[in-house]
Visitor: 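After the structure tokens below, expect a handful of questions from me.
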Protein chains: 2
Amino acid sequence: MTQIKDVVLRWSYPQAMSSDHSPGLSTTSEQFDRFASAILPCGICDRAFARFRSLARFDGAATGKAPLAKTGEDQIVFVASGATKLVAHATHGREQIVAFHFAGDLVSVPARAAHAYTLVALQPCALVTFPAAAFMLAARAEAGLLNEVLQRALRALDRSREKSIILGRKSAQERVASFLATMAERIGAPQDGGCVLDLPMSRRDIADSLGLTIETVSRQFGELRDLGLLETSGRSIVKLHDLAGLDARAGHLPVAA
Amino acid sequence: MTQIKDVVLRWSYPQAMSSDHSPGLSTTSEQFDRFASAILPCGICDRAFARFRSLARFDGAATGKAPLAKTGEDQIVFVASGATKLVAHATHGREQIVAFHFAGDLVSVPARAAHAYTLVALQPCALVTFPAAAFMLAARAEAGLLNEVLQRALRALDRSREKSIILGRKSAQERVASFLATMAERIGAPQDGGCVLDLPMSRRDIADSLGLTIETVSRQFGELRDLGLLETSGRSIVKLHDLAGLDARAGHLPVAA
DNA sequence: CGGCATGTTGAAACATCTCAAGGTGAGTGG
DNA sequence: CCACTCACCTTGAGATGTTTCAACATGCCG
């Protein structure tokens with residue numbers, strides 16, 4: 001009863017597979033195996049297994065490329081390796097990054113809404129793509145699979161709601177601190193009390209994720225550095241010295257609210 | 001294959017039951033029946049049906065009240081009648097409304113995250129509440145139910161993502177226009193080319209949903225009125241004259257992006 | 001070791017917020 | 001049925017944080 005919430009309530013895996021930086025998996029079999037072991041229940045019947053195998057499309061994507069063909073249909077994408085961003089487009093070329101994804105994550109990419117969406121690779125990626133409608137139809141009778149996908153969807157919903165709070169009610173500094181705290185959870189490598197991040201996304205990506213400009217993000221990195229909360233080296237390495245201090249700066253509610 | 005996306009891809013129902021303004025349903029049976037016919041698949045077995053019946057808690061809530069007991073557990077709530085808001089709390093008393101819900105909607109209310117969440121009634125409500133973990137366990141083998149809940153979760157995710165774009169990259173006027181366009185879809189009554197809204201939420205609620213202040217919301221209502229796009233009467237009635245014009249002001253992408 | 005995208009820092013512009021003072025309307029009690 | 005009242009909404013003027021525009025520094029890659 002408890003393990004449901006604790007173990008599988010995530011649309012994405014925290015760090016299980018994310019230390020894998022292999023540029024792209026060599027074979028499609030290997031990609032599909034990753035998908036199957038992450039998403040498909042052990043007890044799934046051979047017929048259903050084969051059905052998903054035949055629905056799957058395999059894409060490798062170089063950094064910065066949008067690996068999905070515009071089919072006009074909703075898509076379900078499994079990130080076998082690498083990292084991606086889901087970008088929403090508004091008028092006047094404005095972009096908002098709606099989510100980041102790492103190896104092991106499952107992404108729902110809508111074809112049409114009030115805004116257009118594009119999935120873009122942050123690193124060389126191996127992706128397994130399904131047409132959403134066909135995927136759902138094939139999953140219709142597979143309770144185990146539906147359960148897994150549902151828990152991941154709810155996890156994604158929780159993340160998206162947290163983002164709404166950040167975007168709606170937080171200062172620039174709180175946004176950057178929240179971002180770093182979240183990334184620490186997802187891809188951070190613990191190191192003597194702190195945590196080291198190797199961010200696959202640029203300052204522009206961070207800005208587009210937090211609803212800020214690159215200049216403001218840069219300034220806030222500076223301030224957090226001056227506060228002794230972090231240290232940067234090169235463009236992508238960030239060492240967080242004080243996770244608790246960062247959380248406080250992030251405007252998170254104290255535990256006993 | 002197509003009808004999946006078109007018909008059931010919603011965590012919430014658009015207007016099906018939302019014209020029902022009965023303050024609260026008289027009997028718990030009636031409430032549960034609404035839940036059952038909206039969410040439980042027709043073919044569900046008697047045993048499972050009884051299981052959900054016994055898990056359900058029935059609450060009536062007066063306007064402004066938070067009807068959920070703080071159990072420390074995630075909850076799943078079905079809105080049998082009325083309207084609610086899901087509020088997230090940050091430091092310094094800041095609040096962000098993460099979603100609105102109307103009769104027929106299903107809501108996932110997290111117990112603990114980086115921010116605390118409260119579900120609050122906008123109108124007198126009848127609610128059916130389940131502990132999320134037990135709900136998921138009971139649903140584990142019910143593919144039809146899991147499918148329904150998954151489609152609704154994905155719909156909620158889509159809505160939340162659209163909100164991220166609004167909060168991250170839009171001007172005050174675009175936010176208000178987007179809000180009105182969304183409400184028109186969800187609870188609008190068509191009227192000679194336009195659409196009439198009877199908003200159950202206050203200006204403060206709208207502000208807390210859009211990441212603005214009440215003053216800014218009020219000013220933007222004024223500007224949209226001056227532009228001839230809408231007309232207000234009393235505090236809650238808004239008549240939209242030009243849905244297309246509103247959509248344009250909302251910064252939505254033109255159809256051929 | 002260049003060349004150039006990416007990131008940093010500074011000063012002025014701007015949108016929204018804050019603070020403050022009226023209006024308005026929905027519900028209440030006479 | 002009307003007037004009272006209080007919460008809610010509207011409008012105005014000044015303060016503020018973020019953006020914009022611009023110049024400069026850095027570090028990654030060939």
Side-chain angles (χ1 to χ4, degrees), chain A residues 23 62-64 85 90 92-96 122-124 166-180 197-226 230-238 249 251, chain B residues 21 23 62-64 90 92-96 122-124 166-180 197-226 230-238 249 251:
Chain A
T63 304
K85 58 179 176 180
H92 313 297
R94 291 173 293 182
E95 299 194 341
Q96 172 67 38
L122 294 173
Q123 298 173 337
I166 289 171
L167 295 175
R169 287 290 178 231
K170 296 221 177 153
S171 69
Q173 184 157 121
E174 289 173 315
R175 294 184 200 208
V176 173
S178 294
F179 167 79
L180 291 171
L197 295 175
D198 184 357
L199 298 175
M201 66 287 281
S202 66
R203 294 290 186 272
R204 167 158 300 286
D205 288 330
I206 298 173
D208 283 342
S209 167
L210 299 179
L212 300 170
T213 58
I214 47 175
E215 293 94 330
T216 300
V217 171
S218 191
R219 280 186 257 268
Q220 295 309 327
F221 266 85
E223 289 205 20
L224 293 173
R225 184 188 307 121
D226 295 347
L230 60 82
E231 201 176 328
T232 57
S233 97
R235 295 201 216 280
S236 62
I237 304 291
V238 181
R249 289 262 157 200
Chain B
H21 285 160
T63 304
H92 312 297
R94 291 173 293 182
E95 299 194 342
Q96 171 68 39
L122 294 173
Q123 297 174 338
I166 289 172
L167 295 174
R169 286 291 179 230
K170 298 224 177 151
S171 70
Q173 184 157 121
E174 289 173 316
R175 295 184 199 208
V176 173
S178 294
F179 167 78
L180 291 170
L197 295 176
D198 184 357
L199 299 176
M201 66 287 283
S202 66
R203 293 290 185 272
R204 167 159 299 285
D205 288 330
I206 298 172
D208 282 342
S209 167
L210 298 178
L212 300 171
T213 58
I214 47 175
E215 293 94 330
T216 300
V217 171
S218 191
R219 279 186 256 269
Q220 295 309 328
F221 267 84
E223 288 205 20
L224 293 173
R225 185 189 306 121
D226 296 347
L230 60 81
E231 200 175 331
T232 57
S233 99
R235 283 175 183 158
S236 61
I237 305 291
V238 180
R249 288 261 157 199

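Values below: every heavy atom of this structure, side chains too, minus hydrogens, waters and symmetry copies. Letters A, B, ... mirror the listed sequences (proteins, then strands); counts begin at 1.
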Visitor: Can you tell me the distance, in whole Å, between the CD atom of Q173(A) and the P atom of dT16(D)?
Guide: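 It is 18 Å, rounded to the nearest whole Å.
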Visitor: Between dC17(C) and T213(B), is there an OP1 or OP2 to side-chain N/O distance shorter than 4.0 Å?
Guide: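 The answer is yes; a side-chain N or O of T213(B) sits under 4.0 Å from OP1 or OP2.
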Visitor: Hey, does the side-chain of R204(A) have a donor or acceptor N/O within less than 3.5 Å of a partner on the base of dT6(C)?
Guide: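 Donor-acceptor pair under 3.5 Å: no.
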Visitor: Looking at R175(B) and L167(B), would you say the former's side chain and the latter's main chain have a donor-acceptor pair under 3.5 Å?
Guide: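 Yes.
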Visitor: Examine distances only and state if a side-chain atom of Q96(A) and a backbone atom of S209(A) form a donor-acceptor pair shorter than 3.5 Å.
Guide: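 Yes, Q96(A) side chain to S209(A) backbone: donor-acceptor pair under 3.5 Å.
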Visitor: Does a nitrogen or oxygen in the side chain of R219(A) sit under 4.0 Å from OP1 or OP2 of dT18(D)?
Guide: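 Indeed not, no polar side-chain atom of R219(A) lies that close.
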Visitor: Which whole-number value in Å describes the distance from D208(B) CG to dT16(C) C1'?
Guide: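 Between C1' of dT16(C) and CG of D208(B): 15 Å.
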Visitor: Rounding to a whole Å, what distance do you find between H92(B):NE2 and dT18(C):C1'?
Guide: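 Whole-Å distance recorded here is 16 Å.
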Visitor: Does a side chain donor of either S218(A) or R203(A) reach within less than 3.5 Å of an acceptor in the other side chain?
Guide: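 No, no side-chain donor-acceptor pair sits under 3.5 Å.
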Visitor: Output the rounded distance in Å from CG (D205(A)) to P (dT6(C)).
Guide: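 After rounding, the reported distance stands at 10 Å.
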Visitor: Using a heavy-atom cut-off of under 4.0 Å over every strand shown, decide if I214(A) touches base, sugar-phosphate, or nothing.
Guide: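 The residue I214(A) makes no contact with any strand.
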Visitor: Hey, which of these two, R235(B) or R235(A), hits DNA chain D nearer its 5' end, going by closest nucleotide?
Guide: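 Counting from the 5' end, the first nearest nucleotide belongs to R235(B).
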Visitor: If you assign S218(B) and R169(B) each to the DNA chain D nucleotide with the nearest heavy atom, which residue ends up on the more 5' nucleotide?
Guide: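 Comparing both residues, the 5'-ward one is S218(B).
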Visitor: Rounded to whole Å, how long is the line connecting atom CD of Q220(B) with atom P of dT11(D)?
Guide: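 For the pair Q220(B) CD and dT11(D) P, the rounded distance is 12 Å.
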Visitor: With distance as the sole test, does D208(B) use its side chain to make a donor-acceptor pair with the main-chain N or O of D205(B) at under 3.5 Å?
Guide: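 No: the side chain of D208(B) does not pair with the backbone of D205(B).
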Visitor: Distance check needed: dG7(C) P versus L212(A) CG, whole Å only.
Guide: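 For the pair L212(A) CG and dG7(C) P, the rounded distance is 15 Å.
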Visitor: At what distance, to the nearest 0.5 angstrom, does CD of Q123(B) lie from CE of M201(B)?
Guide: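 With rounding to 0.5 Å, CD (Q123(B)) is 9.0 Å from CE (M201(B)).
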Visitor: Given that S233(B) and V217(A) both sit by DNA chain C, which one's nearest nucleotide is further toward the 5' end?
Guide: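 Of the two residues, V217(A) wins.
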Visitor: Compute the bend angle of the helix from dC1(C)-dG30(D) to dG30(C)-dC1(D) from the end axes (five pairs per end), rounded to 10°.
Guide: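 Roughly 50°, once rounded to the nearest ten degrees.
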Visitor: Within this structure, what is the CG-to-C1' distance between L210(A) and dG17(D), rounded to whole angstrom?
Guide: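 The answer, rounded to whole Å, is 16 Å.
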Visitor: Less than 4.0 angstrom between a side-chain N/O of T216(A) and OP1 or OP2 of dT19(D), yes or no?
Guide: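 Yes, T216(A) has a side-chain N/O under 4.0 Å of OP1/OP2 on dT19(D).
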Visitor: In this structure, how many angstroms lie between the C1' atom of dA15(C) and the CD atom of E223(B), rounded?
Guide: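 Those two atoms, CD and C1', are 12 Å apart.
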Visitor: Which listed nucleotide (dT18(C), dT18(D), dT24(C)) is nearest to the side chain of E215(B)?
Guide: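 Ranking dT18(C), dT18(D), dT24(C) by closest atom to the E215(B) side chain puts dT18(C) first.
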Visitor: Within the distance-only criterion (no hydrogens, no angle test), does the side chain of S178(A) pair as donor or acceptor with the backbone N or O of E174(A) below 3.5 angstrom?
Guide: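 Yes.
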Visitor: Any donor-acceptor pair under 3.5 Å linking the side chain of R169(B) with the backbone of E95(A)?
Guide: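 Looks like yes, one N/O pair under 3.5 Å.
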Visitor: Using the closest heavy atom to pick a nucleotide of DNA chain C for each, name whichever of M201(A) or G211(B) lands nearer the 5' end.
Guide: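 It is M201(A), whose closest nucleotide lies nearer the 5' terminus.
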Visitor: Quick check for you: to the nearest 0.5 Å, what is the distance between T232(B) atom OG1 and L230(B) atom CG?
Guide: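 T232(B) OG1 to L230(B) CG: 7.0 Å, rounded to 0.5 Å.
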